[in-house]
Amino acid sequence: MKKIAFLVLIIGIMTISSALYAQTAEQEIVIQSVTGIVSCEVSTGKWETVTADKKLTQATQINTGLNSSLTLKMGERVITIPAMQKGTIEKLIASSSESRTGIKLGAGITETPVITSTQERTNISTASTRAEKINDEVKWIEEEKEEEKK
């Protein structure tokens, strides 16, 4: 009985580890389209312009220029990397998926308490109030317009 349980445990561990390995294995990344100037690092310090149908790895350094974009196909997913991005494909894909924008439905509206001011309100703007405080220290000389003199 103990041998059967041990055998089932070993088979279970092997199945789980193979499934995890299949998910983490690098997928083939193919460039679908390039707009503008996009380059990849071939070797340390050497950059090369990328073209459509080129195959890359997740560790490849990519640099997209101004007004350019890169569309990649990774398995069944199609990913677009926008302009002015630099980094490995893995990090750029992660950052593009994290920065999803939009309206979340079902978000609750919270109420905030209104704090009343203890100061008396005036119809004087902030800049005028500050200038009024300086008025005692600084002598303001107002110049008359020449049209008014005539």
Side-chain angles (χ1 to χ4, degrees), residues 1-138 140 142:
M1 185 70 176
K2 289 182 181 180
K3 290 180 181 179
I4 294 174
F6 182 72
L7 185 62
V8 169
L9 180 66
I10 295 296
I11 291 173
I13 290 173
M14 290 176 61
T15 305
I16 292 172
S17 64
S18 65
L20 290 175
Y21 177 74
Q23 288 179 352
T24 59
E26 283 198 24
Q27 295 179 350
E28 185 177 78
I29 300 171
V30 180
I31 298 175
Q32 275 193 333
S33 67
V34 179
T35 306
I37 299 173
V38 180
S39 56
C40 68
E41 191 172 26
V42 180
S43 62
T44 307
K46 186 178 178 187
W47 291 83
E48 182 181 281
T49 304
V50 297
T51 56
D53 298 325
K54 185 173 182 175
K55 295 179 182 178
L56 304 171
T57 64
Q58 289 187 356
T60 304
Q61 286 277 341
I62 294 291
N63 185 16
T64 57
L66 186 65
N67 296 328
S68 62
S69 67
L70 177 67
T71 305
L72 305 171
K73 184 168 184 179
M74 189 170 130
E76 296 295 318
R77 292 176 56 193
V78 175
I79 300 128
T80 301
I81 298 175
M84 303 300 291
Q85 300 291 317
K86 185 176 182 180
T88 62
I89 292 177
E90 182 179 17
K91 289 182 182 178
L92 292 174
I93 290 171
S95 68
S96 70
S97 64
E98 288 174 3
S99 62
R100 295 182 187 242
T101 58
I103 298 173
K104 293 182 180 179
L105 298 176
I109 299 173
T110 59
E111 293 184 24
T112 57
V114 177
I115 301 172
T116 57
S117 176
T118 57
Q119 297 178 344
E120 186 178 313
R121 293 189 80 177
T122 63
N123 58 359
I124 302 172
S125 67
T126 305
S128 299
T129 306
R130 290 181 183 156
E132 184 179 298
K133 291 178 183 176
I134 297 174
N135 197 14
D136 297 335
E137 300 170 12
V138 179
W140 292 94
E142 293 188 25

[X] versus [Y], closest heavy-atom pair with distance:
{"X": "C40", "Y": "L56", "result": "SG-CD2, 4.5 Å"}
{"X": "A83", "Y": "G65", "result": "CB-O, 3.4 Å"}
{"X": "V78", "Y": "Q32", "result": "CG1-OE1, 3.5 Å"}
{"X": "M74", "Y": "I93", "result": "SD-CD1, 3.7 Å"}

Can you measure from [atom1] ([X]) to [atom2] ([Y]) and round to the nearest 0.5 angstrom?
{"X": "T49", "Y": "N63", "atom1": "OG1", "atom2": "CG", "result": "10.5 Å"}
{"X": "I79", "Y": "I89", "atom1": "CD1", "atom2": "CD1", "result": "9.0 Å"}
{"X": "L92", "Y": "Q61", "atom1": "CG", "atom2": "CD", "result": "8.5 Å"}
{"X": "I37", "Y": "L70", "atom1": "CD1", "atom2": "CG", "result": "13.5 Å"}

Exceeds 12 heavy-atom contacts within 6.0 angstrom, atom CG of L9: yes
Taking C-beta and beyond as the side chain, do T51 and V34 meet within less than 4.5 Å on heavy atoms? no
Among I62, D53, V38, V50, which residue meets the side chain to side chain contact (heavy atoms under 4.5 Å, CB included) test with I31? V50
Closer than 3.5 angstrom, by distance alone: can the side chain of T64 be matched with the main-chain N or O of M84 as a donor-acceptor pair? yes
Are side-chain N/O atoms of S69 and T80 paired as donor and acceptor at under 3.5 Å? no
